[in-house]
Amino acid sequence: MSPSSSSHSPSPLNPSTHPWRFTWETLAHIPTLRLYLFRSPTPTYISGASASASASLQTDRSLLFVSLTYQNSDVVRLEVPVPRVLIEPDEEIQCLIRSDHVEIKLPLVLPVDHPVVIQYRAAMGFSGDENSVHISLNDDLKSLSSGDVHLYCKSCSTKLTKQPLSNILQMPSLNWRDVAENWFGNCCCSFGAAAEDLASQYLSSLNLSPDVGFLNSVSITVSKYSLHGYPHNPVSQDSALKFSVAQCTKPAVPNLDSCNCHDNAEGPEEVAHSSDMQDLNHTTSNCIVSNDLDRSNRQNLYFGGGFVHNDTNISKDVEWVKFCCEKCLSPLGSYPYWKDRGDTGTIDGGVRLFKCYISTSTPVGGSDDVFRNHTVQNLFSNLLLECAEDEVSFRTVVRDLKSRKPMLQLVLLSSKAWYISGTCIENHAAGPDYQVELQPVAKVLFSDCSNASEADIRLVENWSTKCHAEEVYMMTYEIEELKNSLRFGKQSMPLSCNLLQGMHLSWLNLLGF
């Protein structure tokens, strides 16, 4: 569509099918609230010479009235709900006409992340949407501490566990072994021996029995014997396979939800393979390696939450299998197995169930469901921010876990942004006033390269190398859900603001809804 002439207003569009959309945005430490007004899904091109805009604020109704007047005297009047922030009343409201949208700037008394504003909102009860909560591992552990927890498929409410999980424990941290060495000091005296003894006792306590679940920020790992529908394929005994309990150390490079492993310098403790696999359960559930792998593979092979992987915890000898609900076939999680050994059973006896696909009670999504607010989007975004906490801009390439091909390019523009988007009331159309609240988000650029040509893939690889991008691996269905979320977020900005350096602007929610 080409821009309209200066003497005519744009062709009229049906408000019911092409409504005016609003998006409020603000960033940390910046006392300005920006508003973008545009037609969606079909953009209307506006010429600054043919239109003018004005705005007035009605604080008692939390509404901003916007008038867009064209040269032929046609007027569009919009009512935009305003989020509850501290707006500077004496400052002028700036209205700017862009090519396909109207941009309005409201000056704030203080930025939304200022401690005074946070305290004021808490005192006034403006804590945000009542359905929005922070995603917290500690909160999940506290809510599940009472035990007797059953797990259900979030899609069809089918019960997944054969018996309740009576003990929910936190998955060991990435560098717990290093911390153990500091309990008494890493030396040859009796204190060092005491630290090693405590570490051994702790390792022995991590028993993945049918009534135990190990929880981390993205998943809960349970025994295969706990689950309905698990394919009980025994481990092949042709090669007299034996396993070793690996020792966990801090990874050489940052990772997202895993734990690095290598052999004990004095030699690994071998655990004999038994027919009922019980000995395999007496492990950390995410630090088991096979003795017949070479040392290089052992150092790169370890198992974490299964949701996101990076170069340090994938191996050519291990493949991850999607675990699905036996009733509706919806994805629930994954588990690792040895490739090329005629067996598809989980290596360590554990199945990782992702919080975004399971529930802890029925009805699904009810107030007692601890995982009701977890989604693929906020699980991924919170993991991403953990790795980029001290970065101004963070670049990531998301690869398919099986093919290793790049599927997404991501650039983190801001880890501390707030936004809300919706549709406006046009020309005094009937409709009740409604309140909106800014939601914390990560502001990102993304590019979908799942269908890229070989030449484009080489460009992505060069970009990753040149920019020192973090490379992470996910299963195909997770990547598709993440792409859908990014595409949806892309619609909240006008077309002229949507592209930057060949990538699309979008948002990743940090809270659960």
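Note that CG of L438 and CG of D113 are 11.5 Å apart. Values are rounded to the nearest 0.5 Å. In this structure, CG in L37 is found 8.5 Å from OG1 in T23, a value given to the nearest 0.5 Å. Considering CG of N310 and CD of E470, their distance stands at 5.5 Å, rounded to 0.5 Å. Between atom CZ of residue F446 and atom CG of residue L412 there is a gap of 14.5 Å, rounded to the nearest 0.5 Å. If you take NE2 on H374 and OG on S217, they are separated by 8.5 Å, rounding to the nearest 0.5 Å.
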**OP:** Assess whether side chain to side chain contact (heavy atoms under 4.5 Å, CB included) is satisfied between I104 and V66, documenting all intermediate values.
**Re:** CA-CA 9 Å; I104 297 176; V66 180; 3.6 Å; yes

**OP:** Run the numbers on R98 and S496 for side-chain hydrogen bond (donor to acceptor under 3.5 Å, both in side chains), then give the verdict.
**Re:** CA-CA 9 Å; R98 304 301 188 187; S496 62; over 6 Å; no

Original post:
Run the salt bridge (Lys or Arg N to Asp or Glu O under 4.0 Å) check on R84 and E437 step by step: do they pass?
Top reply: CA-CA 7 Å; R84 290 180 286 195; E437 291 289 346; 2.4 Å; yes

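The aromatic rings of Y357 and F354 sit tilted relative to each other, their planes meeting at an angle between 30° and 60°.
Of the listed residues (I168, L165, D369, D140), just one forms a side chain to side chain contact (heavy atoms under 4.5 Å, CB included) with T360, and that residue is D369.
Within a 6.0 Å radius of NZ in K416, no more than 12 heavy atoms belonging to other residues, nucleotides or ligands are found. The local environment of CG in N462 is crowded, with over 12 non-hydrogen atoms from other residues, nucleotides or ligands closer than 6.0 Å.
Judged by distance alone, the side chains of S450 and K483 do bring a donor and an acceptor atom under 3.5 Å apart. Counted by atom type alone, N378 and S381 present zero donor-acceptor pairs between their side chains at under 3.5 Å. Looking at Y335 and D348, their side chains never bring a donor and an acceptor atom within 3.5 Å of each other.
Applying the side chain to side chain contact (heavy atoms under 4.5 Å, CB included) criterion to S485, with sequence neighbours excluded, gives Q377. Partners of T32 according to the side chain to side chain contact (heavy atoms under 4.5 Å, CB included) rule, which considers only residues two or more places apart in sequence or in another chain, are I30, R34, K105.
By the 4.0 Å N-to-carboxylate-O rule, R399 lies close enough to E471 to be salt-bridged with it. A salt bridge is defined here as a Lys NZ or Arg NE, NH1 or NH2 lying under 4.0 Å from an Asp or Glu carboxylate O, and E461 with R458 fails to meet this definition. In summary, K322 and E478 do not engage in a salt bridge, as defined by a charged side-chain N under 4.0 Å from a carboxylate O. Ion pairing between R487 and D448 holds under the 4.0 Å rule for side-chain N and carboxylate O.
When atom types are taken as modelled, the side chain of T161 and the backbone of L227 share no donor-acceptor pair closer than 3.5 angstrom.
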Show me, pair by pair, the donor-acceptor contacts under 3.5 angstrom made by side chains of residues 488-495, not counting sequence neighbours?
from : atom 1 : to   : atom 2 : distance (Å)
S492 : OG     : G489 : O      : 2.6
S492 : OG     : W507 : NE1    : 2.8

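For P336 against G350, the heavy-atom pair with the smallest separation is CD-O, 4.4 Å.
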